[in-house]
Amino acid sequence: MSSPPGRRARLSAPGTNTSSVEAREELRRRLQGLIEGNRVMIFSKSYCPHSTRVKELFSSLGVEYNILELDKIDDGAAVQEVLSEITNQRTVPNIFVNKVHMGGCDRTLQAHQSGLLQKVLQEDSHEPSYDYDLIVIGGGSGGLSCAKEAAILGKKVMVLDFVIPSPHGTTWGLGGTCVNVGCIPKKLMHQAALLGQALHDSRKFGWEYNQQVKHNWETMIEAIQNYIGSLNWGYRVSMRENAVAYINSYGEFVEHHKVKATNRKGQATYYTAAKFVIATGERPRYLGIQGDKEYCITSDDLFSLPYCPGKTLVVGASYVALECAGFLAGIGLDVSVMVRSILLRGFDQEMAEKVGSYMEEHGVKFLRKFVPVMIQQLESGSPGKLKVVAKSTDGPETIEGIYNTVLLAIGRDSCTRKIGLEKISVKINEKNGKIPVNDVEQTNVPYVYAIGDILEGKPELTPVAIQAGKLLARRLFGGRIEKCDYINVPTTIFTPLEYGCCGLSEEKAIDVYGKENLEVYHTLFWPLEWTVAERDNNTCYAKIICNRPDNDRVVGFHILGPNAGEVTQGFAAAMKCGLTKQLLDDTIGIHPTCGEIFTSLEITKSSGLAITQKGC
Amino acid sequence: MHQAALLGAQIQDAHHYGWEVTHPVQHDWKKMAEAVQNYIKSLNWGHRVQLQDRKVKYLNIKASFVNEHTVCGVTKADKKTLLSADHIVIATGGRPKYPMHVEGALEYGITSDDIFWMKESPGKTLVVGGSYVALECAGFLSGVGLDTTVMLRSIPLRGFDQQMSSLVTEHMASHGIQFLRGCTPSRVRRLPDGRLQVTWEDRASGNEDSGTFDTVLWAIGRVPETRSLNLEKAGVIISPDSQKILVDAWEATSVPHIYAIGDVAEGRPELTPTAIMAGKLLAQRLFGGSSALMEYDNVPTTVFTPLEYGCVGLSEEEAVARHGQECVEVYHAYYKPLEFTVAERDASQCYIKVVCLREPPQLLLGLHFLGPSAGEVTQGFALGIKCGASYKQLMRTVGIHPTCAEEVAKLHISKRSGLDPTVTGC
């Protein structure tokens, strides 16, 4: 007896792979979404003449339609199968009007002639109509990429973006943290610091000029801010070009499907939409001690600070803290870092300690196991003078220090508590304000999605948010099913000695796979450019963590050295393709680079052999 | 020396980033050369120590074959030693070629064998040739402030992707290096003031022209060091065209117990890391019971011209030749490195392309990257290609922001689409 067609038959089929069943259900949901979300939905193949006739018919009627070309997507065959399960029709075009299955080309043309088609077209469902198909709250990397992609897919899209001034009074333009107060300015300031090092090196390479080289903070800030201004402008142009409505207003939910947008002058306008994406990101955290909001600055303020910060205390050990401390020291400032417990929580701790000790060897002072308890202004000015009182985390000891600037970098808080989420019952994690979502970035309220730094348990990185936003828009409006892949996301910390990594830290790898199953290969190395420059030998470090039972697959990649970001990127691509130790060994190095060190890793950590490089 | 040139550019960048460097900025060749040479000497020393540590007998003698198991070594003092062995590996490499038909070439010209050891600045220099050696030398000479001219007979970087090659030379030309294209030198003479007068012919017009230089650097190719080895006494066969030694996949020559690796072997890429790996694998096969052969496909490399060019896999031309235009898809982008923006540097030639099969999942065939730190960028992707990466997998790789390498993972404009490949925004 043959199985009856449809879902039950497949579910009961012996030996069916559960994950493929799940994938099939996922695909079915997605197709239903397309059928329900579009007045006219055509499943077609781009080369099919019948499909073309149907498209021409709707065009001639002046009716908008959405198409999914099965031959243009990777899982077209699967889509066709699921469609045949839903409709009992195996061929394309397969047409739905107002959720009614019209059939293929002939039946649709017949329905047009008989007047049935027009009737079905007029039977607009009883769903309310909204101002927009999609409203995105937050114009950062993730929000903008999602809005742009949705608009490209023909949807009516609005972006609400509003920057609440920092306690110090700093605001900025469209583009979010990365562009204005994150990756972009910090990498440029890091570059300023690297150039300071390059000036130093250059004498060893024969360059001669006056020994007196000073750094001018104002020149640097102006150049960086000009560049950021051009990016802000570029985003606005890009929104306009894609017909995304961008409103510089603060968005908050007031009821289901409805937001209030409040502009700088306090005027409120209300907008509705079928779907929402929350992409409000995070802002720096304050300590909650006397004097912090009055006198301290954060990374929100540093990159546009109109005056040189002078002697600076950086509070915190996040990557933001260490990067800022690094470039401030690199341009010649007296910098101290106050650390409550460990450096770079969440990152490989061996690497983190090496990042820290390199900074320490290059003049950054570390005050470990202390937390500030009071900030007091001694003198106002640009910069002024502040007294910081700090208390030991171990005992009763307190210390005092005088600084021109205190920069807080102790963490960031999600901007999710003041956007009316409670009005529409979107759940957040009450402890950290993050929004839990499923694997398609959907919150507990089905038409509300969230992307970027506010997601619970996801990497807080620009490229991840961009990718997530783009893929989300394609799933919502483009009939695609590809999900954002949060595994093996590479990243780089732009401390004076850059740290790039992909995959697991050694600690995490031990947790996941067990120490006995891991082999760690490592070595110190001396970049060629450093030799003549007489920079420290035995400082740069490379490490990979391999899972032995799984063919020595590389599960963690770590490098400490110049251009770590450039080195790491390609290895991240290789890890996506299942990189193993053997493949590393078989690959030929590019000589002379730092990256080539990974093709000749021989010493295991467990062997305890020396990894120092011999000098001259 | 490339690094010295890069540092020169960075000194120029520095003022945009707030560093107040007082002019004039000058370069002292002598100081650079000394520092570089000291480092090289330390490496020479290191190699000798390593050989000693591993109990390898090192003899500073010139060797040639007597028969298939015996070589004769001659010291500088003309003392002869006969040595015999079960296995013999020839790894004599190559030396720069001189254009012997050009009058004065040998007498007045130098090669890359000399340039790194010059105690005084070479001054105004004519580099003859279009090899990577030629372009790299011209690049760093210009970068340390010297007046530099490159004379090319035909195309630059033969064997490399030609679109990339022309971007490399375009960038050099826009940064002050003069190019004499389609020209061949006919003679070099020393003028009374000690400078060199070079006369050349424009191949298209047949016209003769001449110029005055302090140094003439030949970089027209390299010849394998096989002539003085008396290979015929051992019966080792060389290619009559290239003079290189014919080898099989085991690196064995026509005489089974004599092997050849590195630049001296026919058909091998002339690259240090391939020679190292080939040598190591050979030893492991001979004495370690291994059977692993050296794989010469997908060897990544980087040309350290002022704008660096890294590549792995096939050039676009080669991909089209092997698979046909219709089956090849090229994704490309002109991008601007973040550091260039504030420095107001021209990024017109910063360009990336990946060459892949057109059929999904679009297997990667080649990757070409023109921009800063190209070597560092290329290395990891070379691994990706080794792992059989597809365009699809490349697109699923999350970028590292902000880097140049992330642009590789963001390539989405195909050449076939004809769309503008300029990257805008983040």
Side-chain angles (χ1 to χ4, degrees), chain A residues 141 179 183-184 187-188 191-192 195 198-199 201-202 204-210 213-217 219-220 223-224 227 234 238 462-464 467 485 489-492 529 531-532 563 565-574 576-579 583 587-591 593-596 616, chain B residues 3-4 7-8 10-11 13-14 16-22 25-29 31-32 35-36 39 42 272-274 277 299-302 338-339 341-342 360 373 375-384 386-389 393-394 396-406 424-426:
Chain A
S141 312
V179 170
C183 325
I184 298 295
K187 178 96 189 276
L188 290 170
Q191 175 69 3
L195 287 171
L199 289 173
D201 286 357
S202 69
K204 297 274 185 349
F205 281 86
W207 292 100
E208 291 174 345
Y209 44 89
N210 193 315
V213 177
K214 277 195 301 204
H215 187 265
N216 185 320
W217 175 271
T219 309
M220 173 180 74
I224 292 175
Y227 175 62
S238 154
T462 288
V464 175
Q467 182 104 329
D485 184 355
V489 170
T491 190
T492 294
E529 296 77 8
T531 57
V532 169
N563 299 308
E566 307 296 358
V567 173
T568 306
Q569 183 72 73
F571 287 97
K576 267 271 176 274
C577 309
L579 180 62
L583 279 159
T587 299
I588 294 168
I590 299 179
H591 193 59
T593 62
C594 295
E596 68 177 321
C616 314
Chain B
Q3 175 67 3
L7 287 169
Q10 290 177 9
I11 295 169
D13 283 358
H16 292 284
Y17 283 88
W19 293 101
E20 292 170 347
V21 180
T22 39
V25 175
Q26 279 167 338
H27 188 258
D28 181 347
W29 174 278
K31 197 168 171 194
M32 169 184 72
V36 171
Y39 176 65
S42 80
T272 293
T274 51
M277 195 181 276
V299 173
T301 189
T302 294
L338 176 64
E339 293 74 13
T341 58
V342 165
S373 308
E376 306 296 0
V377 173
T378 309
Q379 182 71 72
F381 289 106
L383 249 313
K386 195 103 191 156
C387 301
Q393 281 166 317
L394 188 61
R396 288 178 67 94
T397 305
V398 177
I400 300 177
H401 194 60
T403 61
C404 295
E406 70 174 321
T424 53
C426 272

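As the structure is a prediction and not an experimental result, all values here were calculated from the model. Order of the sequence lines sets the chain letters (A, B, ...), proteins ahead of strands, with each chain counted from 1.
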Asker: So what's closer than 4.5 Å to chain A heavy atoms on B:Ile11: side chain, backbone, both or neither?
Answerer: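 Both parts, backbone and side chain.
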Asker: Once you round to the nearest 0.5 Å, how far does CD of B:Glu406 lie from OG1 of A:Thr492?
Answerer: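 The CD atom of B:Glu406 sits 10.0 Å away from the OG1 atom of A:Thr492.
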Asker: Side chain, backbone, both or neither: which part of A:Ser238 has a non-hydrogen atom closer than 4.5 Å to chain B?
Answerer: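 For A:Ser238, neither part sits under 4.5 Å from chain B.
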Asker: Answer with side chain, backbone, both or neither: which region of A:Lys214 has an atom nearer than 4.5 Å to a non-hydrogen atom of chain B?
Answerer: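 Backbone plus side chain of A:Lys214, per the 4.5 Å heavy-atom cut-off to chain B.
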Asker: Quick one, A:Asn216 and B:Trp19 - any side-chain contact, counting heavy atoms below 4.5 Å?
Answerer: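 Not touching, per the 4.5 Å side-chain cut-off.
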Asker: Inspect the contact between B:Glu339 and A:Lys187 and indicate whether a charged nitrogen and a carboxylate oxygen are less than 4.0 angstrom apart.
Answerer: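 Here A:Lys187 pairs with B:Glu339 in a salt bridge, since their nearest N and O are under 4.0 Å apart.
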Asker: With a 4.5 Å limit on heavy-atom distance, are the side chains of A:Trp207 and B:Gln26 in contact?
Answerer: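 No, side chains not in contact.
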Asker: If you take all heavy atoms of A:Ala573 and B:Leu394, which pair is closest and at what distance?
Answerer: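 The pair with the smallest heavy-atom distance is CB-CD1, 4.2 Å.
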Asker: Drop me the distance from A:Ser202's OG to B:Met32's CE, to the nearest 0.5 angstrom.
Answerer: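 Nearest 0.5 Å value for the OG-CE distance: 12.5 Å.
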Asker: Are A:Ile590 and B:Pro273 packed together at the side-chain level, in the sense that at least one heavy-atom pair is separated by less than 4.5 angstrom?
Answerer: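 Heavy-atom side-chain distance check fails, nothing below 4.5 Å.
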Asker: Between A:Val532, A:Leu199, A:Asp201, A:Thr568, which shows the greatest number of heavy-atom pairs under 4.5 Å with chain B?
Answerer: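 Maximum pair count with chain B is reached by A:Leu199.
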Asker: Does any backbone or side-chain atom of B:Thr22 lie under 4.5 Å from a heavy atom of chain A? Answer side chain, backbone, both or neither.
Answerer: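 Both backbone and side chain.
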Asker: So do the side chains of B:Glu376 and A:Cys594 get within less than 4.5 Å of each other, counting heavy atoms only?
Answerer: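 The answer is yes, as the side chains (C-beta and beyond) meet within the 4.5 Å cut-off.
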Asker: Quick check for you: among B:Val25, B:Val21, B:Thr272, which has the greatest number of heavy-atom pairs under 4.5 Å with chain A?
Answerer: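 Option with the greatest count: B:Val25.
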Asker: Checking heavy atoms, do the side chain of A:Glu596, its backbone, both or neither come under 4.5 Å from chain B?
Answerer: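 Both backbone and side chain of A:Glu596 come within 4.5 Å of chain B.
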Asker: What part of A:Leu579 is in contact with chain B, defined as an atom under 4.5 angstrom from a non-hydrogen atom: side chain, backbone, both or neither?
Answerer: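 Both parts, backbone and side chain.
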Asker: When rounded to the nearest 0.5 angstrom, what is the spacing between NE2 in B:His27 and OH in A:Tyr209?
Answerer: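 OH of A:Tyr209 is found 11.0 Å from NE2 of B:His27.
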Asker: With a 4.5 Å heavy-atom cut-off, do B:Leu338 and A:Gln191 have their side chains touching?
Answerer: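 No, side chains not in contact.
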Asker: Less than 4.5 Å apart, side chain to side chain, heavy atoms only: is that true for A:Gln569 and B:Thr403?
Answerer: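 Answer yes - side chains close enough.
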Asker: Mind running side chain to side chain contact (heavy atoms under 4.5 Å, CB included) on A:Glu566 and B:Cys404 for me, showing each step along the way?
Answerer: CA-CA 7 Å; A:Glu566 307 296 358; B:Cys404 295; 3.6 Å; yes
Asker: I need the B:Tyr39 OH to A:Thr531 OG1 distance, nearest 0.5 Å.
Answerer: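 Taking OH in B:Tyr39 and OG1 in A:Thr531, the distance rounds to 4.5 Å.
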Asker: Could you pull out the closest heavy-atom pair between B:Gly18 and A:Thr219, with the gap in Å?
Answerer: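 In this case the closest contact between B:Gly18 and A:Thr219 is CA-CB, 3.9 Å.
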Asker: Measuring from A:Glu208:CD to B:Asp28:CG, what's the distance to the nearest 0.5 Å?
Answerer: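 One gets 4.5 Å once the value is rounded to the nearest 0.5 Å.
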Asker: Would a 4.5 Å heavy-atom cut-off, applied to side chains only, mark B:Pro300 and A:Ile588 as touching?
Answerer: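 Side-chain contact under 4.5 Å: yes.
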Asker: On a heavy-atom basis, which atom in B:Gly384 and which in A:Ala574 lie closest, and how many Å separate them?
Answerer: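 For B:Gly384 versus A:Ala574, the nearest heavy atoms are N-CB, 3.6 Å.
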Asker: Restricting to non-hydrogen atoms, name the atom on B:Gly399 and the atom on A:Pro463 that form the minimum distance, rounded to 0.1 Å.
Answerer: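 Closest approach of B:Gly399 to A:Pro463: O-CG, 3.2 Å.
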Asker: Heavy-atom pairs under 4.5 Å with chain B are the metric here; pick the option from A:Gly234, A:Gly589, A:Ser141 that has the most.
Answerer: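 Heavy-atom pair counts peak at A:Gly589.
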Asker: Return the CZ to NZ distance between A:Phe205 and B:Lys31, rounded to the nearest 0.5 Å.
Answerer: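 The NZ atom of B:Lys31 is 11.5 Å from CZ of A:Phe205, to the nearest 0.5 Å.
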Asker: Can any side-chain N or O of A:His215 pair as donor or acceptor with the backbone N or O of B:Tyr17 at less than 3.5 Å?
Answerer: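 Yes, the answer is positive, given that a donor and an acceptor are paired below the 3.5 Å cut-off.
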